[in-house]
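Data first, discussion second: the structure below is written as structure tokens.
Lettering of chains follows the sequences in order, A, B, ..., and the numbering in each one begins at 1.
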Number of protein chains: 2
Amino acid sequence: MGTHPEPVGKSENEASVVEDALRKSGFRWTNQRALIVQEALATHVHFTADELLDLCREKDPKVSRATVYRTLSVLEDAGFVEGLDTGDGGRRFEHVLGHDHHDHMVCLMCEKIIEFRDDELERRQELAAKRIGFSIARHSLHLYGTCKQCLREQRKK
Amino acid sequence: MGTHPEPVGKSENEASVVEDALRKSGFRWTNQRALIVQEALATHVHFTADELLDLCREKDPKVSRATVYRTLSVLEDAGFVEGLDTGDGGRRFEHVLGHDHHDHMVCLMCEKIIEFRDDELERRQELAAKRIGFSIARHSLHLYGTCKQCLREQRKK
DNA sequence: GTAGGTGCAAACCTTTTGCAGCATG
DNA sequence: CATGCTGCAAAAGGTTTGCACCTAC
């Protein structure tokens, strides 16, 4: 796997950040992990485990579902990937590398996920936690509702 | 079912609020629903569907799992119960009646769930949504981390 | 050489569904 | 007495696991 069949640009560097970190934690760097990390970093949408599996299988049809799940779990523990509940029992993931932290609005009509960020929100969360001696490792803020477009279409009827 | 073997107090009144609302929406009020609602309202913890099933079966061993799920779904739609993702793919519920809205801190070590509320947080969420034309139906804010006690025990080691 | 990782298939867990019988309104 | 609800069991997702083989270190 020493040569790259195509230029991968930014996510190539990011992948090596992941590689270094995992190696440092005593994990092995396998072809499958490289592929899974590459695909996860290259995607700019919130993907399900199964969608990631499909992406990987385009490049290597014999990657197994179990490996994708196992790798996602390692990546999540290492903080490179964040799992988010879609509110209907499902789970989606996003990579965190190079992204700023943000929260999510989930449209219940079209399932679109909108990212947003508000520093004051972040600050007040820290404050609320500090007040009761709770130490935040991560947080998830999801607003469920209806997006602009869906609201508009709803009104037409 | 006309007489009560034990005083149930507050949750009895709350149950009738639910009953009225469901009847008004065209649902039937069955023994199973009464039982499920009673147990859901009486519990002061965040319960899983299965835990609620167990509670119900203590009173009536033949309640089916399907009925609990179907009733929880009705209650959630009607706004009497709120489902919350535990971050690990699981779901827990809490009843909303008589509770003020609040958010949650989840201790990743002892699994304790701490409720908190911050009005400013609520306001800023509304604001952020308004800014992009998103209409919030509900939201969930979970802070994952370590609670005071677990932090203390950790330091001991 | 030896952990650790992989693929496969089966197991698991939670939730949903089809259907026949039952109870509510 | 008609329709909606229930129980059962089976199906459906999504995720995890046991095991034999493989491969990175």
Is [X] near enough to [N] that one of its side-chain N or O atoms lies under 4.0 angstrom from OP1 or OP2?
X     : N      : value
B:Q32 : D:dG7  : yes
B:R23 : C:dT24 : no
A:T30 : C:dG4  : no
A:R33 : D:dA24 : no

Next on the checklist: With a 3.5 Å distance limit and no angle check, can you tell me whether B:R65 reaches the backbone of B:L53 through a side-chain donor-acceptor pair?
Outcome noted: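 No, because the side chain of B:R65 does not come within donor-acceptor range (under 3.5 Å) of the backbone of B:L53.
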Checklist outcome for this item: 5'-most contact on DNA chain C (nearest-nucleotide basis), A:G26 vs B:W29, goes to A:G26
Would you kindly give the [atom1]-to-[atom2] distance between [X] and [N], to the nearest whole Å?
X     : N      : atom1 : atom2 : result
A:F93 : D:dG14 : CZ    : C1'   : 10 Å
A:L22 : D:dC25 : CG    : P     : 11 Å
A:R91 : D:dT16 : CZ    : P     : 8 Å
B:L53 : C:dT14 : CG    : C1'   : 12 Å
A:L35 : C:dT6  : CG    : C1'   : 13 Å
B:D60 : C:dA23 : CG    : P     : 12 Å

Checklist entry - Thinking salt bridges, do B:E76 and B:R138 make one under a 4.0 Å N-O criterion? => result no
Checklist entry - Hey, are B:R23 and B:E19 close enough for a salt bridge, meaning a charged N less than 4.0 Å from a carboxylate O? => result yes
Next on the checklist: Can you tell me which residue among B:H104, B:E51, B:R92 is in a side-chain hydrogen bond (donor to acceptor under 3.5 Å, both in side chains) with B:H46?
Outcome noted: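 Single pass found, and it is B:H104.
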Checklist entry - How close do A:K112 and A:C147 get, heavy atom to heavy atom, and via which atoms? => result NZ-SG, 3.6 Å
Item to check | Interatomic distance, B:E39 atom CD to B:D54 atom CG [nearest 0.5 angstrom] | outcome: 11.0 Å
Checklist entry - How many angstroms lie between atom CD1 of A:I36 and atom SG of A:C56, to the nearest 0.5 angstrom? => result 5.0 Å
Item to check | Interface residues of residues 62-72 of chain B with DNA chain D (non-hydrogen, below 4.0 angstrom) | outcome: B:K62, B:V63, B:S64, B:A66, B:T67, B:R70
